[in-house]
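Quick note on labels: first sequence line is chain A, next is B, and so on, each numbered from 1. Note that this is a predicted model, so its numbers are computed, not measured.
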2 protein chains.
Amino acid sequence: MPKRSNMGPPWWHGRFQGRGYRITVPREAILDVLNRTSKHLSAEDIYLEVHKIYPHIGLTTIYRTLELLVHIGLVFKFDFGDGRARFELSEGPKGIRHHHHLVCTNCGRVIDYTDFIDDEIELLGRTEKGLSKKFNFKITNHLIQFYGLCDGCRDKK
Amino acid sequence: MPKRSNMGPPWWHGRFQGRGYRITVPREAILDVLNRTSKHLSAEDIYLEVHKIYPHIGLTTIYRTLELLVHIGLVFKFDFGDGRARFELSEGPKGIRHHHHLVCTNCGRVIDYTDFIDDEIELLGRTEKGLSKKFNFKITNHLIQFYGLCDGCRDKK
DNA sequence: AATATTAATGAAAACCATTTTCAATAAACT
DNA sequence: AGTTTATTGAAAATGGTTTTCATTAATATT
């Protein structure tokens with residue numbers, strides 16, 4: 001249930017208006033779902049969640065909206081190698097929920113970690129600046145993932 | 001043309017034998033293609049390349065072999081967001097060809113960079129050690145990608 | 001070297017996440 | 001309220017990847 005309460009329009013409205021994009025019920029519902037979770041949701045996960053409240057919203061709209069949200073930088077799309085994309089609200093490196101992933105290549109488990117983020121941020125800051133300059137590339141986000149065998153899988157092999 | 005010349009069996013044989021995996025013509029051909037390029041090849045790219053020399057080898061075998069190679073850690077699978085996976089021979093952070101990617105979210109261009117790798121290695125070493133200990137995770141590889149707009153795309157928007 | 005064992009292969013079909021099509025709907029502007 | 005045009009939903013299409021199954025060939029055994 002998207003709760004707008006009484007503190008004016010949600011923070012994301014500005015990202016739509018002025019670019020020709022419209023604020024619609026499905027879009028608000030999807031952002032709301034993403035905003036409430038810290039999990040890595042697939043398009044279908046989001047569909048099922050949205051469906052509970054708005055049964056008429058179709059999976060196609062979920063995909064289209066996610067594509068838009070990724071495009072305007074509100075959402076980040078991940079690939080953990082299981083054939084379906086995952087989505088999270090994107091927060092820059094300074095965001096409170098910013099984290100990276102540890103992916104088990106055997107069972108597919110994904111662990112979020114926030115440790116060492118400070119060191120990483122410092123390095124990433126330098127790297128981004130350097131790359132940005134060298135390649136005239138405007139960097140908007142980054143992805144760091146470690147792969148290996150998780151606690152449960154490392155001994156079984 | 002897989003060239004084995006005269007210096008004994010290729011370095012990867014040891015990764016197959018002893019684990020019950022067999023050394024076959026398709027597998028050698030695929031590794032050979034990957035070994036000769038520095039591009040990011042899709043399964044189909046590899047198929048077409050292999051097909052020039054071994055026209056009877058099918059796409060199915062390419063997929064199966066790549067899956068195996070990824071599983072035993074010889075190959076790394078990337079996702080650049082265009083709906084098809086890319087493969088590269090995996091080299092650890094110290095490998096001569098080790099690099100990271102800059103991905104343009106507008107046109108899909110991928111730039112390899114090796115700059116700042118030294119700094120990264122130092123940080124990654126620490127991070128890996130810490131994460132490995134904290135989560136009892138055996139880290140075998142990592143992925144670092146920056147996203148943004150490339151030289152050609154940044155102004156057009 | 002011949003045979004037995006079983007992993008690997010190829011062709012076709014199946015799979016399934018994602019995208020496209022197109023007519024109907026509903027934001028935002030006048 | 002009326003107009004414009006972005007957005008939506010349902011169904012069909014797409015296309016990379018996986019599965020099936022009978023055949024072939026790499027390795028082990030004799």
Side-chain angles (χ1 to χ4, degrees), chain A residues 2 4 9-10 12-31 40-51 53-72 74-75 77-87 108, chain B residues 2 4 9-10 12-31 33 40-48 50-51 53-72 74-75 77-87 108:
Chain A
R4 252 214 272 154
W12 58 69
H13 279 204
R15 302 281 201 118
F16 286 94
Q17 286 153 343
R19 295 227 238 173
Y21 299 127
R22 295 177 179 173
I23 294 163
T24 66
V25 170
R27 288 174 182 179
E28 298 219 271
I30 290 165
L31 277 163
H40 319 106
L41 302 180
S42 67
E44 193 178 356
D45 293 336
I46 295 168
Y47 167 73
L48 292 173
E49 202 58 37
V50 166
H51 188 83
I53 296 143
Y54 301 103
H56 64 92
I57 294 178
L59 186 52
T60 307
T61 297
I62 307 292
Y63 276 107
R64 270 189 299 228
T65 301
L66 287 170
E67 182 186 26
L68 171 65
L69 295 176
V70 167
H71 184 243
I72 64 181
L74 239 40
V75 166
K77 184 178 181 178
F78 290 92
D79 170 62
F80 296 137
D82 66 345
R84 59 181 58 188
R86 306 301 167 119
F87 302 86
Chain B
R4 217 137 22 107
W12 59 67
H13 280 202
R15 301 282 201 116
F16 286 94
Q17 286 153 345
R19 294 228 239 173
Y21 299 127
R22 294 176 179 175
I23 294 163
T24 67
V25 170
R27 287 174 182 178
E28 297 218 273
I30 290 165
L31 276 163
V33 167
H40 317 108
L41 303 179
S42 67
E44 193 177 357
D45 293 336
I46 295 168
Y47 167 74
L48 291 172
V50 166
H51 188 83
I53 296 144
Y54 302 102
H56 63 92
I57 294 177
L59 185 52
T60 308
T61 297
I62 307 291
Y63 275 107
R64 271 189 298 229
T65 301
L66 287 170
E67 182 186 27
L68 172 65
L69 296 175
V70 168
H71 184 241
I72 65 181
L74 239 40
V75 166
K77 184 178 182 179
F78 290 93
D79 170 64
F80 296 137
D82 65 345
R84 58 181 59 186
R86 307 300 169 121
F87 302 86

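Between A/Leu31 and A/Glu28 the shortest side-chain heavy-atom distance does not fall below 4.5 Å. The shortest side-chain heavy-atom distance between A/His40 and A/Phe78 does not fall under the 4.5 Å cut-off. Between A/Trp12 and A/Arg27 the shortest side-chain heavy-atom distance does not fall below 4.5 Å.
Take B/Phe87 and apply the ring pair (Phe, Tyr, Trp, His ring centres under 6.0 Å) test, not counting sequence neighbours, and it matches no residue. Remark: A/His51 pairs with A/Tyr47 by the ring pair (Phe, Tyr, Trp, His ring centres under 6.0 Å) rule, at least two apart or across chains. Remark: A/Tyr63 pairs with no residue by the ring pair (Phe, Tyr, Trp, His ring centres under 6.0 Å) rule, at least two apart or across chains. With sequence neighbours left out, the side chain to side chain donor-acceptor pair (under 3.5 Å) criterion links B/Arg86 to B/Asp82. Partners of B/Gln17 according to the side-chain contact (heavy atoms from CB on, under 4.5 Å) rule, which considers only residues two or more places apart in sequence or in another chain, are B/His13, B/Ile23. Remark: B/Asp45 pairs with B/Ser42 by the side chain to side chain donor-acceptor pair (under 3.5 Å) rule, at least two apart or across chains.
As a whole-Å value, the separation of A/Tyr47 OH from C/dT18 C1' is 15 Å. Between A/Tyr54 atom OH and D/dT8 atom P the separation is 13 Å, expressed in whole Å. Per the geometry, CZ belonging to B/Phe87 stands 13 Å off P belonging to D/dG16, to the nearest Å. For the pair B/Glu67 CD and D/dT18 P, the computed distance is 6 Å after rounding to whole Å. Atom CG in B/Leu66 sits about 10 Å away from atom P in D/dT17, given to the nearest Å.
Position along DNA chain C of the nearest nucleotide to B/Gly20 versus B/Pro55 favours B/Gly20 as the more 5'-ward residue.
For the helix from C/dA1-D/dT30 to C/dT30-D/dA1, the end axes, each set by the C1' atoms of five terminal pairs, are bent relative to each other by 50° (nearest 10°).
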What N/O pairs connect the protein and nucleotides 11-15 of chain D at under 3.5 Å? Give each pair on its own line.
| unit_1 | atom_1 | unit_2 | atom_2 | d |
| --- | --- | --- | --- | --- |
| D/dA11 | N6 | A/Thr60 | OG1 | 3.2 |

Check: protein-nucleotides 28-30 of chain C nitrogen or oxygen pairs below 3.5 Å:
| unit_1 | atom_1 | unit_2 | atom_2 | d |
| --- | --- | --- | --- | --- |
| C/dA28 | OP1 | A/Ile23 | N | 3.0 |

After noting the C-alpha distance and the side-chain angles of A/Leu41 and A/Glu49, does the key distance pass the side chain to side chain contact (heavy atoms under 4.5 Å, CB included) rule? CA-CA 10 Å; A/Leu41 302 180; A/Glu49 202 58 37; 5.8 Å; no
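Residue contacts shown for A/Arg27 are limited to sugar-phosphate atoms, with no base heavy atom under 4.0 Å away.
Checking C/dT9, D/dT17, D/dG9 against every side-chain atom of A/Ile57, the shortest atom distance belongs to D/dG9.
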